[in-house]
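Along the sequence shown, residues are numbered consecutively beginning with 1. In each ligand, atom 1 is the first atom listed, and ligand 1 is the first ligand listed.
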Amino acid sequence: MIAPILRDLATLREMTGTWHRAGETIGVVPTMGALHDGHLSLVAEAKKRATRVIVTIFVNPKQFNSPEDLANYPRTEEADARKLDRFDIDAIWAPESDTMYPPGFCTGVSVSGLTDVLCGAHRPGHFDGVATVVTKLFTQTAADLAFFGEKDFQQLQVVRRLSRDLDLGVEVVGCPTIREIDGLAMSSRNLLLSDRARVKAPRLNEVMEDIARGLAAGKPMADLTPRALRALENADFLSVDYLELRSCDTLALLETASEPARLFAAAHLAGVRLIDNIDVPVAR
Ligand code: PAF
């Protein structure tokens, strides 16, 4: 079935109300479009766990730090709808900007603590924008379950927190990062890489896997980071926003893998900011 593309909130509400009255569960996959296999793996998981599935497509202006980044973000709605055909989803929610943020809109959602570090420290206001739109998407779609990729692990933790703190009643399901065959984490931003930069991009994940091996053998970050930074510089990653080991739960900074941890990185390659994170086993 070809899913209807909805832009009107009243129509969406009528649909979700009917489903809930019939005892169905609604699974939502929030996206900004430019769908790749990472997104599609979330849709497949949603189809397994919910009786109705809505994919949202909205390029959220509030989470971009620069007008240029917002303007350059890929918009591929027709192709996205075609990619969703084979999943037999129930609706695509793709509101216009002034449906999401009508004139006079002045409410924001802000999650403190978890957002002070990593991307939050480098992209002021980004997570307020994410938290605000995700809260709206959850209430607009009357979601019971929502599916997010671990690729944006900090975002996943922020969304889990806000769903609990605001009693939204949405179960937030984290799904593993999907990678290209060469290890590059799938991301809509990969479309912005030149052919030359695309060849170098997997180096980020390789360097992280090297660090993770060192950490698993009990070495501290201080011993592993200088070599990793040199390797990234050699691969033309000209500025590294962060390369840090953090606790999975609290995102507190760690020096060794003494508890369940993840290694996080964000770096710029030929004008494109790439992020990645990997699980690090507790050191032997
Ligand atoms: O991960 C994304 O694509 C976005 O941050 C999200 C969750 C759809 C909110 O705009």
Taking heavy atoms and a distance under 4.0 Å, where does Thr31 meet ligand 1: side chain, backbone, both or neither? backbone
Short N or O distance, Gln155 and ligand 1, threshold 3.5 Å exclusive: yes
With heavy-atom distances below 4.0 Å as the criterion, list the atoms of ligand 1 near Phe148. 7 (C)
So, Glu233 and Arg230, do they make that salt bridge, N to O below 4.0 Å? no
Going by an N to O cut-off under 4.0 Å, is there a salt bridge joining Arg179 and Asp276? yes
Who's the nearest protein heavy-atom neighbour of atom 10 (O) of ligand 1, and how far? Gln63 OE1, 2.6 Å
Applying salt bridge (charged side-chain N to carboxylate O under 4.0 Å, His left out), name anything that partners Asp128, two or more places apart in sequence or on another chain. none
Asp249/Arg262 ion pair, N-O < 4.0 Å: no
Val133: numbered ligand 1 atoms lying under 4.0 Å from its heavy atoms: 9 (C), 10 (O)
Pro30 heavy atoms within 4.0 Å reach ligand 1 at atoms 8 (C)
What residue pairs, at least two apart or across chains, pass side chain to side chain donor-acceptor pair (under 3.5 Å) with a residue in residues 132-141? Trp93-Gln140
